[in-house]
Amino acid sequence: MTTTPTTMQPQDSRQLMTELQSFGLRLVDPSAGVSSRRGGAGPSDHKAVTVDGHTIMVPVHTSTAWHSPFTAEAPDATGTSRVMRGSIPIASISFPKQPRFYAMQTFDGVPYSHIATLHGSDVLATTVLQTCIRYESRKKSCKFCAIGQSLAAGRTIARKTPEQLAEVARAAVLLDGVKHMVMTTGTPNATDRGAAVLCESAFAIKAAVDIPIQGQCEPPEDDQWFHRMKAAGIDTLGMHLEVVTPEVRERIMPGKASVPVSRYMSAFEAAVGVFGRGQVSTYILAGLGDTREAILDTCDQLLARGVYPFVVPFVPISGTPLEDHPAPSPEFMKSLLAPLGERVVAAGLRSADIKAGCGKCGACSSLSVYES
C-alpha cells in the first residue's frame with residue numbers, strides 16, 4: 001500500500017525548505033525537471049524544487065547532498081514526486097520543467113543555455129563576464145567561487161555580447177514566461193568593477209524585451225555609475241558582501257576583502273538614493289565563520305539603509321577550496337532567518353516588493369517564507 005504524505009502546515013513547509021537547503025537532496029531520477037548545473041558563478045550544484053508552491057534551489061551535487069537523509073522519488077505522470085526521510089514519505093514536491101528556450105541557439109551558433117539559464121521557476125540568470133581578476137590568483141580568489149569551472153567545461157562562453165543576451169532574454173520571455181532577469185559578472189577591473197558591461201548589456205536587453213533586470217557587481221569606485229546603470233535599464237542592484245566580519249572576509253575572500261565593508265555601506269546609501277528603498281540588496285553566505293549575532297547586526301545596519309539582506313546557506317561546491325567545508329545546520333539557519341524575517345517586515349522591505357533579482361526570486365534561501 002502506498003503511503004501518501006499528509007498536508008503540510010506553513011511551519012512544516014518552512015522547516016522542510018530550510019532542512020533541504022542545508023542537507024541537500026538525493027534524486028532517484030537525476031534527470032527530473034530543469035537540468036542542474038555544476039560549477040559556474042553564483043549558486044551552483046543545485047536543482048530547482050517546488051515545495052508547497054514555493055520554488056527553492058536545493059543542493060544535489062555536493063558531498064553533503066550525497067549523504068542527505070532526504071530522497072526524492074522519480075516523478076509520476078503529473079510531475080509530482082514524494083520526498084522520503086528514510087522509508088517515511090513526508091512531503092510531495094514537483095520540479096519546474098525544462099524551458100523551451102534551451103533547445104535554441106543564437107544567430108552566431110551558441111546554445112541559448114550557454115548564454116543564460118533558468119533559475120528557480122521564472123528567472124533568467126546570466127554571468128556576462130565568466131572571468132574575474134580575483135579568480136585568476138589563488139591569493140586573491142574567493143575560496144567558495146567556481147566561476148571558471150563551467151567555462152573550462154565548455155558549458156558557457158567567456159563574454160556574452162549585448163546582442164546575444166537580448167536575443168536569449170526575448171526568447172525566454174516569449175517562450176517560457178520568464179518574469180525577471182539577473183545579470184552578474186566577474187570583476188574585470190578595480191575601477192567600475194563590472195558596471196560598464198552591465199550597462200551596455202541592460203540597454204540592449206531593454207531594447208528587445210520589457211523585462212525587469214537586476215545588475216550585480218562589486219561597488220564601483222565612482223557612485224555616478226549607479227545613475228548610469230539606472231539609466232541603462234537596470235531596475236535593481238545587488239552588491240554582495242557574502243561575508244560580514246573583516247577577519248573572516250580576509251580569510252575566505254582575500255581579494256574582494258580589499259573593498260572594505262565601510263565602502264559597501266557608503267555605496268549602499270548612494271545606490272538606494274538612485275534605485276529606491278528595497279531595490280538594492282546584498283547576498284550574505286551563512287556558515288562561513290560569521291556568528292549569528294554578527295550577521296543579524298549587519299542586517300540591521302543594511303535594513304536601516306533601505307537594503308534587503310538576502311541571507312542564504314553556504315553550499316560547498318566541488319572543485320573549490322571549500323568543497324569539504326560543512327553547510328550550516330538547519331537550526332543555525334532557522335535561528336537567523338526567523339528573526340530576520342520579522343525585521344525585514346518591520347522595515348517595510350519585503351522580498352515581494354523587489355522588482356527583480358535574487359531577493360525577489362528567493363529560491364536560494366527560505367528567508368521569504370519567514371516574512372509571512
Side-chain angles (χ1 to χ4, degrees), residues 134 142 180 182-185 187 189-199 202 212-250 253 255-286 290 293-312 336 339-360 365 367-368 371:
R134 317 279 193 213
C142 300
H180 56 110
V182 177
M183 291 195 307
T184 189
T185 179
T187 302
N189 56 57
T191 52
D192 72 74
R193 299 196 171 102
V197 295
L198 294 178
C199 284
I213 298 172
Q214 179 176 69
Q216 299 178 350
C217 63
E218 294 183 45
E221 280 195 338
D222 185 352
D223 287 345
Q224 284 301 311
W225 277 110
F226 301 137
H227 295 278
R228 295 168 190 151
M229 285 191 277
K230 178 73 172 177
I234 292 174
D235 299 281
T236 71
L237 180 66
M239 294 185 290
H240 296 167
L241 281 166
E242 265 111 15
V243 182
V244 303
T245 311
E247 54 269 28
V248 183
R249 289 173 65 81
E250 287 282 353
M253 43 187 205
K256 192 171 179 179
S258 65
V259 183
V261 173
S262 60
R263 171 53 190 149
Y264 274 84
M265 291 300 178
S266 66
F268 287 138
E269 291 177 359
V272 169
V274 175
F275 292 94
R277 282 179 54 83
Q279 305 307 321
V280 178
S281 62
T282 193
Y283 217 91
I284 296 174
L285 296 169
D290 289 322
E293 292 71 27
I295 293 175
L296 287 175
D297 178 65
T298 300
C299 289
D300 286 339
Q301 297 178 50
L302 294 165
L303 290 169
R305 289 170 168 81
V307 176
Y308 185 85
F310 191 50
V311 176
V312 308
L336 271 172
L340 181 56
E342 295 178 357
R343 297 179 195 190
V344 166
V345 173
L349 299 178
R350 288 178 180 270
S351 57
D353 296 328
I354 303 174
K355 296 175 184 176
C358 291
K360 181 177 184 64
S365 171
L367 173 59
S368 64
E371 294 175 21

Would you name the heavy atoms of L340 and C299 that are closest together and state the gap between them? CD1-CB, 3.7 Å
Closest non-hydrogen atom pair, R249 against V259: NH2-O, 3.3 Å
Could you state the interatomic distance from SG (C199) to CH2 (W225), rounded to the nearest 0.5 Å? 5.5 Å
Does any non-hydrogen side-chain atom of M253 lie less than 4.5 Å from one of V243? yes
Atom NZ in K355, atom CD1 in I234: separation rounded to 0.5 Å? 13.0 Å
Taking all atoms of both residues into account, what is the closest heavy-atom pair of L198 and C217, and its distance? CD1-CB, 3.9 Å
With a 3.5 Å cut-off and no angle check, do the side chains of S281 and Q214 form a donor-acceptor pair? yes
V280 vs T236, side chain to side chain contact (heavy atoms under 4.5 Å, CB included): CA-CA, chis, key distance, verdict: CA-CA 6 Å; V280 178; T236 71; over 6 Å; no
Under 4.0 Å between a Lys/Arg side-chain N and an Asp/Glu carboxylate O for R263 and D223? yes
Is it true that Q216 and T185 share a donor-acceptor pair across their side chains at a distance under 3.5 Å? no
Would you compute the distance between atom OG1 of T191 and atom CG of D222 and round it to the nearest 0.5 angstrom? 10.0 Å
Parallel, tilted or perpendicular: which describes the rings of F310 and Y283, with under 30° parallel and over 60° perpendicular? perpendicular
Contact check, side chains of Q279 and D235, non-hydrogen atoms, under 4.5 Å: no
Under 3.5 Å side-chain donor-acceptor pair for E218 and T187: yes
Can a donor-acceptor pair be found, under 3.5 Å and without considering hydrogens, that links the side chain of R277 to the backbone of A347? yes
Hey, does L285 have a side-chain heavy atom less than 4.5 Å from the side chain of H240? no
Measure the spacing between CG of L303 and OH of Y308 and express it to the nearest 0.5 Å. 9.5 Å
Yes or no on side chain to side chain contact (heavy atoms under 4.5 Å, CB included) for S351 and L367, after CA distance, side-chain angles and deciding distance? CA-CA 9 Å; S351 57; L367 173 59; over 6 Å; no
Any side-chain heavy-atom pair of E242 and I284 under 4.5 Å: no
Donor-acceptor contact present, side-chain T282 to main-chain M239, <3.5 Å: yes
Shortest non-hydrogen pair, A271 vs L237, comes out as CB-CD2, 3.9 Å
With distance as the sole test, does D290 use its side chain to make a donor-acceptor pair with the main-chain N or O of A294 at under 3.5 Å? no
Using the test side-chain contact (heavy atoms from CB on, under 4.5 Å), find all partners of P246 that sit at least two apart in sequence or belong to another chain. none
Checking R193 side chain against P219 main chain: does a donor-acceptor pair fall under 3.5 Å? yes
So how far is it from K256 NZ to R134 CZ, rounded to the nearest 0.5 Å? 8.5 Å
Is there side-chain contact between D353 and L349, with heavy atoms separated by less than 4.5 Å? no
Could you check whether any side-chain N or O of N189 sits under 3.5 Å from a backbone N or O of D192, counting only pairs where one atom can act as donor and the other as acceptor? yes
Checking R343 against L296 for the side chain to side chain contact (heavy atoms under 4.5 Å, CB included) test, could you report, in this order, the C-alpha distance in whole Å, the side-chain angles of both residues, the deciding distance, and whether it holds? CA-CA 10 Å; R343 297 179 195 190; L296 287 175; 3.7 Å; yes
Heavy-atom closest contact (V272 atom, G306 atom, distance): CG2-O, 3.9 Å
Would you sort out whether V311 and I295 count as a side chain to side chain contact (heavy atoms under 4.5 Å, CB included), showing the intermediate values? CA-CA 9 Å; V311 176; I295 293 175; 4.2 Å; yes
Residues 257-282 vs ring pair (Phe, Tyr, Trp, His ring centres under 6.0 Å), sequence neighbours excluded, gives none
